[in-house]
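Heads up: the structure comes next, in structure tokens.
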Number of protein chains: 2
Amino acid sequence: MPATLDFEQMLREAALRVTRPRVAVLGAVLAHPHADTDSIIGAVRRGLPEVSHQAVYDSLQALTTAGLVRRFRPAGSVARYESRVGDNHHHMVCRSCGLIADVDCAVGDAPCLTASDGNGFAIDEAEVVYWGLCPGCSTAGSS
Amino acid sequence: MPATLDFEQMLREAALRVTRPRVAVLGAVLAHPHADTDSIIGAVRRGLPEVSHQAVYDSLQALTTAGLVRRFRPAGSVARYESRVGDNHHHMVCRSCGLIADVDCAVGDAPCLTASDGNGFAIDEAEVVYWGLCPGCSTAGSS
DNA sequence: CCCGTTTTCTGGAATGAGTCAAGAATAAGC
DNA sequence: GCTTATTCTTGACTCATTCCAGAAAACGGG
């Protein structure tokens with residue numbers, strides 16, 4: 001688990017100013033993958049009780065723009081953030097309990113980018129969300 | 001283009017009560033694929049000026065549950081509705097102008113459902129969103 | 001065709017994630 | 001240590017969506 005110094009390093013490498021809120025936000029996202037904004041605010045305030053929600057929103061925006069974290073928003077849910085960036089993995093969402101799990105796409109590095117012609121669009125990202133039931137809910141429902 | 005009588009038929013077959021607002025909402029979604037709720041309210045009110053926004057929300061909910069329309073919510077946008085149901089096509093969204101286009105998945109009927117093991121999830125749907133630039137914005141930006 | 005029951009619609013208020021704005025605080029460079 | 005540009009605090013605000021209670025309308029049986 002990376003330490004505060006590592007977070008500072010990451011921020012500096014991304015040409016971002018190193019501030020307490022940003023370090024805390026980055027740490028929170030690293031520690032709680034798929035967390036929503038509210039959870040992140042809570043996690044950050046455990047270490048820095050005085051941060052405003054605005055600072056968290058701003059930091060998340062900055063980190064997202066810099067590519068240090070990824071924002072993702074499954075339909076019917078609020079925005080969530082994760083630290084796995086660079087690889088192009090996708091997500092599975094449980095319809096019952098909302099559990100989110102990472103999935104590496106089976107199709108290699110550029111999953112489903114085989115959208116063929118694509119109506120002339122210049123596609124730069126394919127976002128895939130799998131909907132279903134997680135193991136727990138699946139078992140519970142089949143009884 | 002289907003007439004009002006067809007819409008009534010569709011509603012009855014879905015075991016839904018036939019009401020003026022519902023017929024109008026169904027017609028609006030059929031006529032304006034990918035329309036957001038506000039546009040649908042506007043379209044409906046062209047024929048029925050008195051409908052409340054709540055009736056439209058309720059109708060859309062009922063139609064979605066019944067499987068007559070599909071709700072889809074790209075990140076950073078409000079809810080949108082479309083009438084292509086049953087086939088599993090996906091969407092392309094232009095990052096610049098927000099244009100949405102349908103895409104038939106290149107992988108056949110069950111696109112990307114090859115999520116392999118899937119961590120034990122029972123997957124029932126794969127939702128794919130392609131992000132990029134539409135032909136218009138792509139050309140404009142490359143000058 | 002009329003009635004009663006049940007579902008749906010109207011109108012209005014409330015919720016809540018996210019955004020905007022102005023001034024105070026703080027990080028980075030010299 | 002000082003200056004300046006960026007970031008944070010505070011608090012108000014937007015706006016899609018939901019909640020609620022009473023009025024209206026649709027369906028089935030008489």
Side-chain angles (χ1 to χ4, degrees), chain A residues 4-5 7-26 28-29 34-45 47-66 68-69 71-81 98, chain B residues 4-5 7-28 34-45 47-66 68-69 71-81 98:
Chain A
T4 298
L5 282 178
F7 301 153
E8 293 187 9
Q9 182 76 16
M10 293 169 70
L11 288 169
R12 282 183 213 286
E13 280 168 9
L16 292 176
R17 288 202 177 183
V18 177
T19 66
R20 239 96 54 87
R22 284 183 177 175
V23 172
V25 167
L26 183 52
V29 175
H34 307 148
D36 57 57
T37 314
D38 230 45
S39 310
I40 293 172
I41 292 177
V44 167
R45 286 193 177 149
L48 293 170
E50 299 305 320
V51 278
S52 61
H53 68 138
Q54 186 62 52
V56 175
Y57 274 100
D58 284 353
S59 300
L60 285 170
Q61 180 63 49
L63 294 173
T64 302
T65 303
L68 291 180
V69 306
R71 173 193 276 134
F72 106 94
R73 180 141 91 181
S77 169
V78 298
R80 290 168 179 278
Y81 294 85
Chain B
T4 299
L5 282 178
F7 300 153
E8 292 187 10
Q9 182 75 16
M10 293 169 71
L11 288 169
R12 282 185 212 286
E13 280 169 10
L16 293 176
R17 289 200 176 185
V18 176
T19 67
R20 237 97 54 91
R22 284 183 179 176
V23 172
V25 168
L26 183 52
H34 308 147
D36 57 58
T37 314
D38 227 47
S39 309
I40 294 172
I41 292 176
V44 167
R45 286 193 176 149
L48 293 171
E50 299 305 320
V51 277
S52 62
H53 68 136
Q54 185 61 52
V56 175
Y57 273 99
D58 284 352
S59 300
L60 285 170
Q61 180 63 50
L63 294 173
T64 302
T65 304
L68 291 180
V69 306
R71 173 193 278 134
F72 116 90
R73 184 177 338 187
S77 168
V78 298
R80 289 168 180 279
Y81 294 85

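Letters A, B, ... are given to chains in the order of the sequence lines, protein chains preceding strands, and every chain is numbered from 1.
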Assign each of A:His53 and B:Asp38 the nucleotide of DNA chain D bearing its closest heavy atom; nearer the 5' end lies the nucleotide of A:His53

Straight-line distance of A:Ile40 CD1 to A:Arg80 CZ, nearest 0.5 Å: 9.5 Å

When rounded to the nearest 0.5 angstrom, what distance separates OG in B:Ser59 from CZ in B:Arg20? 12.5 Å

Can you tell me how far CD of A:Gln9 sits from OG1 of A:Thr4, rounded to the nearest 0.5 angstrom? 13.0 Å

Does A:Arg20 have a side-chain nitrogen or oxygen under 4.0 Å from the phosphate oxygens OP1 or OP2 of C:dA25? no

Would you indicate which nucleotide in C:dA28, D:dT9, C:dT10 comes nearest to any side-chain atom of A:Arg17? C:dA28

Between D:dT7 and A:Ser59, is there an OP1 or OP2 to side-chain N/O distance shorter than 4.0 Å? no

Could you tell me the separation between the CD atom of A:Gln61 and the C1' atom of D:dT6, rounded to a whole number of Å? 15 Å

CG of A:Asp36 versus P of C:dG18: gap in Å, rounded? 8 Å

How long is the line joining CD1 of B:Ile40 and P of D:dT17, in whole Å? 10 Å

Nearest whole Å is fine: how far is D:dT9 P from A:Leu48 CG? 9 Å

Which part of the nucleic acid does B:Arg73 contact within heavy-atom distance under 4.0 Å: base, sugar-phosphate only, or nothing? nothing

Would you give the length of the straight line joining atom CZ of A:Arg22 to atom CE of A:Met10, rounded to the nearest 0.5 angstrom? 13.5 Å

Given atom CD1 of B:Ile41 and atom C1' of D:dT18, what is their separation to the nearest angstrom? 13 Å

Look at all strands and tell whether A:Ala62 reaches a base, only sugar-phosphate, or nothing, counting heavy atoms closer than 4.0 Å. nothing

On the nucleotide C:dT8, are OP1 or OP2 found under 4.0 Å from the side-chain N or O atoms that B:Arg22 carries? yes

Rounded to the Å, how far apart are A:Arg80 CZ and C:dA17 P? 12 Å

Could you check which of D:dC8, C:dC9, D:dG11 has an atom nearest any side-chain atom of A:Asp58? D:dC8

Could you check how far CG of B:Leu11 sits from C1' of C:dT8, rounded to whole Å? 13 Å

Drop me the distance from A:Thr65's OG1 to A:Leu60's CG, to the nearest 0.5 angstrom. 10.5 Å

If you compare every side-chain N and O of B:Thr19 against the phosphate oxygens of C:dC9 (OP1, OP2), does one of them come in below 4.0 Å? yes

Tell me whether the OP1 or OP2 atom of C:dG12 has a side-chain N or O from B:Ser52 closer than 4.0 Å. no

Options D:dT17, C:dC9, C:dA21, nucleotide nearest the side-chain atoms of B:Ala55: C:dC9

Decide yes or no, distance alone: a donor-acceptor N/O pair under 3.5 angstrom between the base of C:dC9 and the side-chain of B:Glu50. no

Tell me the interatomic distance from A:Leu16, atom CG, to D:dA5, atom P, rounded to whole angstroms. 19 Å

